[in-house]
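Below is one structure; the comments refer to it alone.
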Amino acid sequence: MKKRIMHPKKQLREILIQSLEQARGRGELDFQDLPGFEVEEPKQAEHGDLATNLAMVLAKPAKMAPRKIAEIIIKNLTAPEGMLQKVEIAGPGFINFFIEDSHWHRVLFEIHDQGPAYGNCDLGAGRKVQVEFVSANPTGPLHIGHGRGAALGDALANLLAAAGYKVVREYYINDVGNQINTLGKSLYFRLRELRGEKIEFPEDGYQGDYMKDLARNYLAAGNPPPSSAPTEEEFVPLGRYAGDVILGGIKKDLEDFGVSFDRWCRETDLYRQGLVEKSFARLQEKGFLYEKDGALWFKSTAFGDDKDRVVRRSTGVTTYFASDIAYHFFKFQQDYHLVVDIWGADHHGYVPRLQAAVEALGCQGQLQVILVQLVSLLRHGEPVAMTTRGGTFVTLREVIDEVGKDAARFIFLTRRADAHLDFDLEVAKTQSPENPVYYVQYAHARLASVFRQAGAQDLQVPKPAPALFPLMKLPEEISLLKMLAHYPEVVEAAARNLEPHRLTYFLTELASQLHSYYYKHRFISEDLPLSRARLCLVQAVQTVLAHGLRLLGVAAPETM
RNA sequence: GCGCCUGUAGCUCAGGGGACAGAGCAACGGACUUCUAAUCCGUGGGUCGUAGGUUCGAAUCCUACCAGGCGCGCCA
């Protein structure tokens, strides 16, 4: 006996299939395979609560006019008592279904039973997913673009967990290669500069002010001063030192942004564990490596890449790509059903070769790369220059301090990943209506206030009960109930498509309907049964708002 | 030159084969003796970049072109 109540949409889909089987059994319809069809909420209210294009997609295989097919489907329909109020054929052959208002009330039972878990689903069926995100090199503080990746990755991980996946959040640290040397060299020259020497700061050095701070702290901690004759050997420990300090800062920024990781994977560990050589051996064995011009190449063209790629230079040093091959080889050894990498869109050219490597290695499971477009930073509508060189880039730290974690996260999550984003610091900072995060949070806080008020009057929020339902018949109430019933599908679709922004839009709409309802109708009044019914309904609304905000990593405040 | 992303209302963006294209902001006009006005109600506003094509049906798919962004290393 299943306790779970089926959403009307799924229920209707099954009823339609039954109808088709029956019609076919009776010889009224003749077709081979059932084509894909939609059951969805029409945009127009006159078109009912749910509609299907089933008759239209069946026109060709059944060799019959859509409206005729629609008639046959309707004739064979057997819906449960009290579900369907009216069924119509419309337009070119849509079948429109009008659901009885009373049918929608049942969602309240489900929300009450599942509580904070309402909205979760079992799409993932416990399979393992890894989300790797941010992964900024430890050569400087996180900037606003990393913030967007962080918000997206974290929300996505939350979303996948809610959808029944076992999620691991991972940050990949590039601590190998000449960038660490360059970092050491940058620190070295800042140290000498601090000693009052006139120095020529290296062209390729990291010029940001944070390196000056780092140099000061380095000396303040009593570390040995720089020599006068620099050597590569001297840069290495300095680079390692700087990298560690910067990484510490990154961790702190992420923590304050509400983002945590389950694992931090260091590139050096991949080498230490011999994974680079192991992945090479695997590729060699499958015949996808060859030598040319003294270098070792991966035959990525065999998998659709534009050209083959070097994995070991003629100098004997492996490339960044080699590390990434090893890293993904390692990832897929851990039985991930899905590995999601979130990268800045400026790395898009890198996708084909990595996909090629994953395929060549014969990994079980799927790699999906999400490219997040860069953020254009504005202040009062004017572009803010973002150059590392000029030292005018805005860090994630500054954004957190200036606009706050919640507003920043929400704004990042109101755009599709592949849409460019204009982030206006002044707009994000103000609590103006231009800033939607407060609109949604306010709905939650407003309800909390209502419940406090009810509590003060000894008015309990009742459990859902059929006796309450006749008291929720206003259009605003039915409309809210429909949205609540729709919510789990939104979560599932957002998870399936790896698109957290769908949640942001849903929540804004739900908040809008709640505010409107609140304004038009008093929840707490002299009429006690009516008050109880409304409290019961809006408590369900609050549960859903809280769930959605939690997935976005945005606070659901009790007061504002 | 080649490749990827984007082009939808004045602005920022949803919608990504279905019925007359949506929201927020901005503009304009209204609503606070009220459970929080960080709110609500109303009005105006669009050849969905352009041109072809596929389809019963295209903002959505295909082709070409135009515009913006980003990539095309034995860099990371």
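What you see below is based on every heavy atom in this structure, not just the backbone, and it leaves out hydrogens, waters and symmetry mates. In the text below, chain A, chain B and the rest are named by the order of the sequence lines, each starting its count at 1.
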What class does the angle between the rings of A:H521 and A:Y517 fall in, given that below 30° is parallel, 30 to 60° is tilted and above 60° is perpendicular?
tilted
Name the one of A:Y327, A:W264, A:F133 that satisfies ring pair (Phe, Tyr, Trp, His ring centres under 6.0 Å) with A:Y171?
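When ring pair (Phe, Tyr, Trp, His ring centres under 6.0 Å) is applied between A:Y171 and each of A:Y327, A:W264, A:F133, only A:W264 qualifies.
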If we call it a pair only when both distances are under 3.5 Å in a Watson-Crick or G-U wobble match, what pairs with [N]?
N: B:A38; answer: none
N: B:A19; answer: none
N: B:G44; answer: none
N: B:C61; answer: B:G53

If you look at every strand shown and take non-hydrogen atoms under 4.0 Å, does [X] touch a base, only sugar-phosphate, or nothing?
X: A:A90; answer: base
X: A:A51; answer: base
X: A:H444; answer: nothing
X: A:D324; answer: nothing
X: A:A445; answer: base
X: A:S516; answer: sugar-phosphate
X: A:F451; answer: nothing

On the six-membered ring of [Y], is [X] placed so that its NZ or CZ lies under 6.0 angstrom from the centre and within 45° of the ring axis?
X: A:R446; Y: A:Y518; answer: yes
X: A:R13; Y: A:F37; answer: yes
X: A:K331; Y: A:F329; answer: no
X: A:K86; Y: A:F98; answer: yes

If every non-hydrogen atom of A:F280 is compared with every non-hydrogen atom of A:L289, which pair is closest and at what distance?
O-CD1, 3.4 Å
At their closest point, which heavy atom of A:R409 faces which heavy atom of A:A155, and how far apart are they?
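That would be NH2-N, 4.2 Å.
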When you check every protein heavy atom under 4.0 Å of nucleotides 71-76 of chain B, what one-letter string (B, S, -) results, 5' to 3'?
S-SBSB
So if I define the base as every atom that isn't primed, P, OP1 or OP2, how would nucleotides 13-18 of chain B read as a B/S/- string at a heavy-atom cutoff under 4.0 Å?
SSSB-B
Polar pair under 3.5 Å, donor/acceptor by atom type, side chain A:E46, base B:C20:
yes
Nearest whole Å is fine: how far is [N] [atom2] from [X] [atom1]?
X: A:Y519; N: B:A38; atom1: OH; atom2: P; value: 11 Å
X: A:L50; N: B:A19; atom1: CG; atom2: P; value: 16 Å
X: A:I89; N: B:A19; atom1: CD1; atom2: P; value: 19 Å

If you check the [X] side chain, which of [options] turns out closest?
X: A:Y438; options: B:G22, B:A38, B:C56; answer: B:A38
X: A:F523; options: B:U39, B:C35, B:C70; answer: B:C35
X: A:H515; options: B:A19, B:C35, B:C40; answer: B:C40

First encountered from the 5' end of RNA chain B, between A:T559 and A:G91
A:G91
Does A:D341 reach the side chain of A:Y172, with side-chain heavy atoms less than 4.5 Å apart?
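A side-chain contact is absent here, since even the closest heavy-atom pair is not under 4.5 Å.
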If you compare every side-chain N and O of A:Y439 against the phosphate oxygens of B:C40 (OP1, OP2), does one of them come in below 4.0 Å?
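A:Y439 to B:C40 OP1/OP2: side-chain N or O found under 4.0 Å.
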Could you check whether A:Y290 and A:F298 have their ring centres less than 6.0 Å apart?
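They do not qualify: ring centres at least 6.0 Å apart.
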